[in-house]
Trainee: 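The structure is given below, and queries will be raised subsequently.
Nothing here was measured: the structure is a model prediction, and the numbers come from that model.
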Amino acid sequence: FRISTQFPVGQSIETTNGMVRDIENYVMQQSEVINYLSRVGRPSGNNGFVTVQIVDKNLRSDDIWAVTDRVRSYLRKKYPDAIIQVNATQNSMPGVSGGTGTGGMGGGGAPLQIEISGPSLDRVVAASYKIQDVLEKLGHVKDIRSSYTEGAPEYAVTVDREKLRFYNVTTENVNGAFSNSISGIKAGYFTNDPNNDMQDTQIYVRYKGADAFKMSDITSLPITTKNNSTINLGTVADIDYGTSPVMLRRVDKRESINISANFSNDSLQNLLKTIDTNLKQEKLGDGVTYRFIGQADNMTSTFVEMGQAIALSLVLVYILLAVLYESLSTPIIRMFSLPFGLIGSFLFLALTGNTINLYSLLGLLVMDGLVAKNGTLLLDYALTLISRGETPEVAIVESAKVRLRPIFMTSITMITGMLPTALALTPGSETRVSMAWVVIGGLLTSTFFTLIAIPLIFLWFTHLHFWARVKRKLGFKEEAAES
């Protein structure tokens with residue numbers, strides 16, 4: 001999992017580094033942790049990230065969600081002024097691809113993401129606060145984070161062009177004196193630094209106490225002119241104290257802010273509907289719009305594409321069976337196996353608390369192919385017996401008796417093969433259990449209903465064909481009598 005921290009704006013990178021080291025020490029005290037990798041200072045000095053690797057599921061008592069909840073609760077109590085996000089990374093869930101992030105602010109793995117856009121930054125910021133309030137009131141939404149950060153304090157230097165020409169000073173001289181005194185000048189390397197794990201450390205030379213310079217200190221900074229004389233920075237420039245945005249984000253030429261969050265005890269689709277309903281009651285401002293991105297976009301496109309794939313598979317299966325049986329009605333009988341399988345699939349999803357997602361849709365696609373074999377085994381032998389002179393009633397009953405054992409054996413084999421995935425016995429399989437339960441539920445109900453409903457449907461179609469042939473014969477006799 002990954003810990004993303006955002007401390008108050010203006011905090012030095014040294015202070016942030018010390019807090020991240022405290023987080024590292026806490027992380028390593030957890031029995032599930034193998035190792036970690038930390039990073040400080042990107043995109044600003046008050047940001048820190050810690051990526052943690054834990055042992056496999058069979059070697060720990062708590063699942064990944066319990067571990068992240070424990071870490072999140074501790075860090076929020078320890079750093080109440082910081083914004084903390086603890087996400088189960090995609091690396092811990094094989095086969096799951098990540099979504100878009102929050103513009104470099106460390107929310108790349110958050111499943112819930114809302115993009116707000118508007119004509120001006122002030123309106124978008126006000127709308128973002130309203131949306132965050134709505135999310136907090138929901139209760140089960142956590143790790144709420146915004147890509148917008150209150151302006152960072154800064155000193156702005158505005159040069160006087162007339163004074164620059166009078167004192168024979170360039171803007172480059174002013175910039176060099178200002179930035180070098182604060183940030184320092186690179187002077188070399190300290191090799192094999194014992195305080196840096198024997199790594200090389202860059203050496204910068206700057207004024208003592210530059211981190212805490214006041215405005216009077218900055219105005220007194222010396223500048224060397226082209227005449228080799230020295231003047232103060234305040235002689236040729238005005239120093240103003242103010243704030244500036246940490247990051248500006250635009251989408252489609254509009255000011256934009258990204259809100260990311262995690263959630264629990266709900267499906268993404270239900271949560272999006274709830275949020276959308278609540279936001280429609282809020283006045284976000286003129287010209288301000290919002291949309292769900294990240295996994296919400298992926299979910300919509302996935303549902304559409306999987307629906308098309310399932311529909312195409314049904315059409316292709318029907319065409320293939322129509323060619324094999326040389327009949328347009330017989331494949332329709334076999335197609336009734338799918339709705340019988342859907343009964344068990346949705347029932348098992350509800351009983352196990354799983355949702356309709358990418359894996360459950362893949363399970364439907366697999367289940368359609370698996371349950372087809374029950375109807376195919378039954379109908380194929382029944383048609384063979386009819387070709388030998390048996391009546392449809394006798395043929396379908398005999399077919400059910402003969403094919404009962406292979407139908408049960410194949411279904412039990414497939415169900416047994418899906419049980420390890422359904423029970424989440426392997427690392428990362430928690431995300432794939434819905435696929436297994438869809439297949440297991442579909443096979444159970446389809447196997448049961450195939451032996452009851454498919455024979456009845458078969459006889460119904462057979463009687464329709466019989467009366468159609470009778471009517472055609474009667475029509476031919478009437479035409480012959482009239483002639």
Side-chain angles (χ1 to χ4, degrees), residues 2 4-6 9 42-44 46-47 49 83-90 96-152 244-264 266-305 355 357-358:
R2 190 185 194 209
S4 304
T5 60
Q6 182 177 329
V9 176
R42 291 184 61 185
S44 57
N46 63 321
N47 289 94
F49 305 94
I83 300 175
I84 306 291
Q85 276 191 329
V86 183
N87 297 325
T89 60
Q90 308 303 341
V96 182
S97 58
T100 57
T102 56
M105 297 302 289
L112 174 61
Q113 297 192 41
I114 306 174
E115 186 174 84
I116 316 162
S117 60
S120 66
L121 182 60
D122 293 338
R123 294 182 184 179
V124 177
V125 171
S128 70
Y129 290 145
K130 293 181 180 179
I131 292 178
Q132 291 181 66
D133 290 339
V134 170
L135 296 180
E136 289 176 355
K137 292 178 182 178
L138 293 178
H140 57 286
V141 178
K142 52 194 176 183
D143 293 340
I144 303 172
R145 189 168 188 173
S146 172
S147 63
Y148 174 80
T149 305
E150 294 291 344
S244 65
V246 175
M247 180 184 64
L248 295 176
R249 191 172 184 271
R250 292 184 178 89
V251 176
D252 296 333
K253 300 181 179 179
R254 288 162 58 91
E255 301 291 344
S256 176
I257 292 177
N258 184 288
I259 305 295
S260 65
N262 294 320
F263 62 92
S264 59
D266 201 356
S267 66
L268 179 60
Q269 188 173 11
N270 291 337
L271 181 61
L272 295 180
K273 290 181 180 179
T274 304
I275 295 174
D276 191 45
T277 301
N278 292 337
L279 291 182
K280 287 180 179 179
Q281 301 173 2
E282 296 285 338
K283 295 181 180 179
L284 299 180
D286 296 335
V288 177
T289 59
Y290 68 91
R291 67 187 184 96
F292 299 105
I293 61 174
Q295 289 191 18
D297 273 344
N298 296 338
M299 180 182 67
T300 302
S301 60
T302 296
F303 282 8
V304 172
E305 292 171 0
T355 60
N357 50 45
L358 172 62

Trainee: Contact between Q113 and S260 at the side-chain level, heavy atoms closer than 4.5 Å - yes or no?
Mentor: yes
Trainee: What do the steps show when you test K137 against D133 for salt bridge (charged side-chain N to carboxylate O under 4.0 Å, His left out), and what is the final call?
Mentor: CA-CA 6 Å; K137 292 178 182 178; D133 290 339; over 6 Å; no
Trainee: Atom OG1 of T274 and atom CG of L135: how far apart are they, to the nearest 0.5 Å?
Mentor: 11.0 Å
Trainee: Which heavy-atom pair separates V288 from P119 by the least distance, and what is that distance?
Mentor: N-CD, 4.5 Å
Trainee: Determine, stepwise, if the pair S117 / T289 fulfils side-chain hydrogen bond (donor to acceptor under 3.5 Å, both in side chains).
Mentor: CA-CA 6 Å; S117 60; T289 59; 3.1 Å; yes
Trainee: Quick check: does any side chain N or O of K142 sit under 3.5 Å from a backbone N or O of A261, one acting as donor and the other as acceptor?
Mentor: no
Trainee: Side-chain contact, heavy-atom cut-off 4.5 Å: N258 with I293?
Mentor: yes
Trainee: When rounded to the nearest 0.5 angstrom, what is the spacing between CG in L121 and CZ in R254?
Mentor: 12.5 Å
Trainee: One thing to verify: whether E115 and R249 come together as a salt bridge, which I'm taking to mean a side-chain N less than 4.0 angstrom from a carboxylate O.
Mentor: yes
Trainee: At what distance, to the nearest 0.5 angstrom, does CG of L112 lie from CZ of F263?
Mentor: 7.0 Å
Trainee: Any chance you could measure D286, atom CG, to R123, atom CZ, to the nearest 0.5 Å?
Mentor: 5.5 Å
Trainee: Would D276 and F292 count as a side chain to side chain contact (heavy atoms under 4.5 Å, CB included) here? Give the steps.
Mentor: CA-CA 9 Å; D276 191 45; F292 299 105; 4.2 Å; yes
Trainee: Can L271 and L138 be said to form a side chain to side chain contact (heavy atoms under 4.5 Å, CB included), step by step?
Mentor: CA-CA 9 Å; L271 181 61; L138 293 178; 4.0 Å; yes
Trainee: Is there side-chain contact between S146 and Q132, with at least one heavy-atom pair below 4.5 Å?
Mentor: yes
Trainee: As a quick check of understanding, evaluate side chain to side chain contact (heavy atoms under 4.5 Å, CB included) for R2 and F49, giving each step before the final call.
Mentor: CA-CA 7 Å; R2 190 185 194 209; F49 305 94; 3.6 Å; yes
Trainee: Kindly indicate whether the side chain of I144, heavy atoms from C-beta on, has any atom under 4.5 Å from the side chain of I83.
Mentor: no
Trainee: How long is the span from the CD1 atom in I257 to the OH atom in Y129, to the nearest 0.5 Å?
Mentor: 7.5 Å
Trainee: Is any side-chain heavy atom of I131 closer than 4.5 Å to a side-chain heavy atom of L284?
Mentor: yes
Trainee: Does the side chain of I114 come within less than 4.5 Å of I275's, by heavy atoms?
Mentor: yes
Trainee: Would you kindly say whether T5 and Q85 are connected by a side-chain donor-acceptor distance under 3.5 Å?
Mentor: no
Trainee: Step by step, work out the side chain to side chain contact (heavy atoms under 4.5 Å, CB included) result for E282 and V134.
Mentor: CA-CA 9 Å; E282 296 285 338; V134 170; 3.9 Å; yes
